[in-house]
Amino acid sequence: MSDRISKILEQWSLREPALISVYYTHQLEVNNSMKCTMRVGKRKIEYNPARVNLLSDPALEEMLKATVLRICLRHPYERQPYGCTANILKAAGDLVLPPVDVFTYARLYSPEDFNLPKNKHFEWYAYKLMEQAKNAMNNLKSIAANGGEENEEGKSIDGSKLKPLEKLLKEGAEEAALWEEDDEMREIIKERVEQITNWGTLPHEIQEAIMVAQIGRIDYRKVLRAFSTSIVSSERKFTRMRPNRRLGYKAMGSKHDMASQLLVAVDVSGSVDNQAFAKFFRIITNFFKYGVEKTDVIQFDCEIKNEVLPLDKASEKIKSFVRHGDGGTNFQIVFDYFSEHRNYDALIIFSDGYAPAPTKNIPPRAKLLWVIDSESNYMENKDELSPLGRMCFIM
C-alpha cells in the first residue's frame with residue numbers, strides 16, 4: 001500500500017506542488033485497527049491497508065487529496081466548536097470545500113445535502129449541523145417513545161435510503177478522531193500555504209478557500225484583555241509614604257486609585273442558556289477582578305429586569321435569572337440606561353445578538369463590548385452590531 005501512495009506522491013511532485021508541500025508536514029503511518037480508510041490528525045496521516053486495498057488508484061488519490069486539503073484548511077488543528085462531535089466535525093469540513101469537479105470517487109457531503117447555503121466557514125457549518133442533529137435525535141426519541149421500531153441498517157424512517165443527516169448520525173467518529181487544537185501546527189501549515197507560488201491543478205475556488213482558512217480566528221481572551229486595558233483608568237494621588245522614582249523621599253511619590261466603573265448587561269430573553277451564562281461570568285470575573293472600581297450587572301429582554309447586582313452577587317445567582325423565553329430583546333433600552341447613568345465608563349452586553357441594532361448610541365466617551373454566546377451567532381450578527389463597538393464570542 002505504501003508503494004501505491006509513494007507513486008501518487010511522485011506524480012504530485014510534478015503536477016501538484018501545493019499539495020506535496022503541505023503533505024510533508026505530516027508522517028504517514030499504518031493503522032490496521034481503525035474502521036475508516038484514511039484519517040488525519042496529531043501531525044500524522046493514518047491509513048488502513050486492508051481498506052485501501054479495496055480502492056482503485058484514482059479513488060486512492062482522491063482520498064489522499066481530500067485528506068491533504070483538510071490539512072491545508074487546518075480543520076484538524078482548529079479549536080473545536082463547543083459540544084461538537086467528531087462525525088459532525090468531519091462533515092463540516094466537507095461542506096467548506098467548494099462544489100467543484102475535483103472528486104469523482106470520494107463521496108463528500110455538500111451544503112445542499114443539509115439544505116444549507118454555500119460559502120460559509122467551518123465553524124458555522126458545525127453549529128448548524130449540531131442543531132440539525134439535535135432536532136433529528138429528538139424526533140427519533142419521540143418515535144421510539146410512541147412505539148416506533150428501530151430502523152434497519154441503511155434505511156430511513158420511511159424505509160427509503162438513508163438521508164444525509166440520518167447517515168451522518170449513524171456514522172462513526174473515526175475520520176476525525178485525531179482532531180485536536182494545535183497552535184504550532186496551524187502556524188506551520190499557514191507558513192507552508194503562504195509560500196505556495198504554484199497551485200498545480202487545484203481550482204481557483206479551492207485555492208481561495210485555503211487562503212481564507214489561514215486568517216486567524218477571533219480569540220476572546222485577546223479582545224477582553226485589550227478592552228480591560230482600555231477602560232482601566234486611575235486617579236493619581238501624591239503621598240509621602242511612597243518615594244518619588246527620580247528623587248526618592250526628597251519629593252512625594254504617587255499612587256493610583258481605581259476609578260473606572262463597568263456595567264454588564266445580560267440578555268435573559270430565553271435564548272441564552274445557563275451553561276453560557278456560567279462561562280461568561282467566569283470569564284468576566286477573571287478579566288475584570290482587578291483594575292475596575294465597580295462592576296454592576298443588569299438583566300434585560302424587552303425591558304430592564306430586577307435590581308442592579310454587583311458582579312460577584314450576579315455570578316452566584318445565574319440559575320435564578322429570569323427566563324421569559326419569548327425571544328424579545330431590545331438593545332436600545334440598555335443603551336438608554338447606560339446613557340442615563342453617567343457614572344459608568346464602559347458597557348459589556350452579553351447576548352446571542354438577535355435583536356435590532358440600537359438607533360441611538362452610547363456617549364462618545366464610553367466604551368462598548370458585545371460578547372456573543374456562540375461563533376455562529378457572532379457571524380450572523382457581526383455586520384449589524386460591530387459598527388457600534390468591539391465584538392467577540394465565547395463558545
Test item: [X] side-chain N/O and [Y] main-chain N/O as donor-acceptor pair under 3.5 Å:
{"X": "E62", "Y": "T104", "answer": "yes"}
{"X": "Q214", "Y": "I210", "answer": "yes"}
{"X": "N381", "Y": "D352", "answer": "yes"}
{"X": "N48", "Y": "M34", "answer": "yes"}

| Evaluation steps, side chain to side chain donor-acceptor pair (under 3.5 Å), between W12 and E61 | CA-CA 10 Å; W12 281 8; E61 181 176 2; 3.0 Å; yes

Atom pair [atom1]/[atom2] of [X] and [Y] - distance to nearest 0.5 Å:
{"X": "R192", "Y": "I20", "atom1": "CZ", "atom2": "CD1", "answer": "10.5 Å"}
{"X": "I8", "Y": "K65", "atom1": "CD1", "atom2": "NZ", "answer": "10.0 Å"}
{"X": "M185", "Y": "I71", "atom1": "CE", "atom2": "CD1", "answer": "8.0 Å"}
{"X": "F122", "Y": "L89", "atom1": "CZ", "atom2": "CG", "answer": "5.0 Å"}
{"X": "S21", "Y": "W199", "atom1": "OG", "atom2": "CH2", "answer": "10.0 Å"}
{"X": "D267", "Y": "Y354", "atom1": "CG", "atom2": "OH", "answer": "12.5 Å"}

Are [X] and [Y] packed together at the side-chain level, in the sense that at least one heavy-atom pair is separated by less than 4.5 angstrom?
{"X": "Q195", "Y": "E191", "result": "yes"}
{"X": "F280", "Y": "I394", "result": "yes"}
{"X": "V264", "Y": "I298", "result": "no"}
{"X": "L385", "Y": "M391", "result": "yes"}
{"X": "I349", "Y": "F335", "result": "yes"}
{"X": "V40", "Y": "T67", "result": "yes"}
{"X": "D57", "Y": "R4", "result": "yes"}
{"X": "V334", "Y": "L347", "result": "yes"}

Please find the pair of heavy atoms, one from [X] and one from [Y], that lie closest to each other, and give the distance.
{"X": "A86", "Y": "A177", "result": "CB-N, 4.4 Å"}
{"X": "N32", "Y": "P49", "result": "OD1-CD, 3.3 Å"}
{"X": "P111", "Y": "P117", "result": "CB-O, 3.6 Å"}
{"X": "I189", "Y": "C72", "result": "CG2-O, 4.0 Å"}
{"X": "L202", "Y": "A18", "result": "CD1-CB, 4.5 Å"}
{"X": "C36", "Y": "E175", "result": "CB-CG, 3.8 Å"}

Partner residues of [X] under the salt bridge (charged side-chain N to carboxylate O under 4.0 Å, His left out) criterion, sequence neighbours left out:
{"X": "R70", "answer": "D94"}
{"X": "D182", "answer": "R43"}
{"X": "E303", "answer": "K305"}

| said: Show, in sequence, the C-alpha distance, side-chain angles and deciding distance for V68 and E16, and conclude whether the side-chain contact (heavy atoms from CB on, under 4.5 Å) test is met. | reply: CA-CA 11 Å; V68 176; E16 301 290 1; over 6 Å; no

NZ/NE/NH1/NH2 to OD/OE distance under 4.0 Å, [X] and [Y]:
{"X": "E78", "Y": "K190", "value": "no"}
{"X": "R39", "Y": "E46", "value": "yes"}
{"X": "K367", "Y": "D345", "value": "no"}
{"X": "K118", "Y": "E112", "value": "yes"}

| Parallel, tilted or perpendicular for W179 and H75, by the 30°/60° rule? | tilted

| query | So Y337 and H341, would you call those rings parallel, tilted or perpendicular, with 30° and 60° as cut-offs? | reply | parallel

| Are L73 and L116 connected in a single hydrophobic cluster, I mean Ile/Leu/Val/Met/Phe/Trp/Tyr linked by side-chain heavy atoms less than 4.5 Å apart? | yes

| field | Hphob cluster co-occupancy, L178 + V30, side-chain heavy atoms under 4.5 angstrom | value | no

| request: Kindly determine whether L60 and Y105 satisfy side-chain contact (heavy atoms from CB on, under 4.5 Å), including the steps that lead there. | output: CA-CA 9 Å; L60 175 58; Y105 303 93; over 6 Å; no

| request: Could you tell me whether Y77 and H26 have their ring centroids closer than 6.0 angstrom? | output: yes

| task | Inspect the surroundings of CD in Q27 and state if more than 12 heavy atoms from other residues, nucleotides or ligands are less than 6.0 Å away. | result | no

| message | Show, in sequence, the C-alpha distance, side-chain angles and deciding distance for E181 and R186, and conclude whether the side-chain contact (heavy atoms from CB on, under 4.5 Å) test is met. | response | CA-CA 9 Å; E181 186 175 1; R186 286 204 305 271; 3.5 Å; yes

| message | Test side chain to side chain donor-acceptor pair (under 3.5 Å) on N377 and Y127; report intermediate values, then the result. | response | CA-CA 9 Å; N377 290 339; Y127 281 115; over 6 Å; no

| Test side chain to side chain contact (heavy atoms under 4.5 Å, CB included) applied to W370 and F393, F331, F350, Y378, the passing residue | F331

| task | Please test Q332 against D336 for side chain to side chain donor-acceptor pair (under 3.5 Å), starting from the C-alpha separation and ending with a verdict. | result | CA-CA 6 Å; Q332 187 62 60; D336 293 342; 2.9 Å; yes

| query | side-chain contact (heavy atoms from CB on, under 4.5 Å) between N53 and L55: does it pass, once the steps are laid out? | reply | CA-CA 5 Å; N53 192 45; L55 300 177; over 6 Å; no

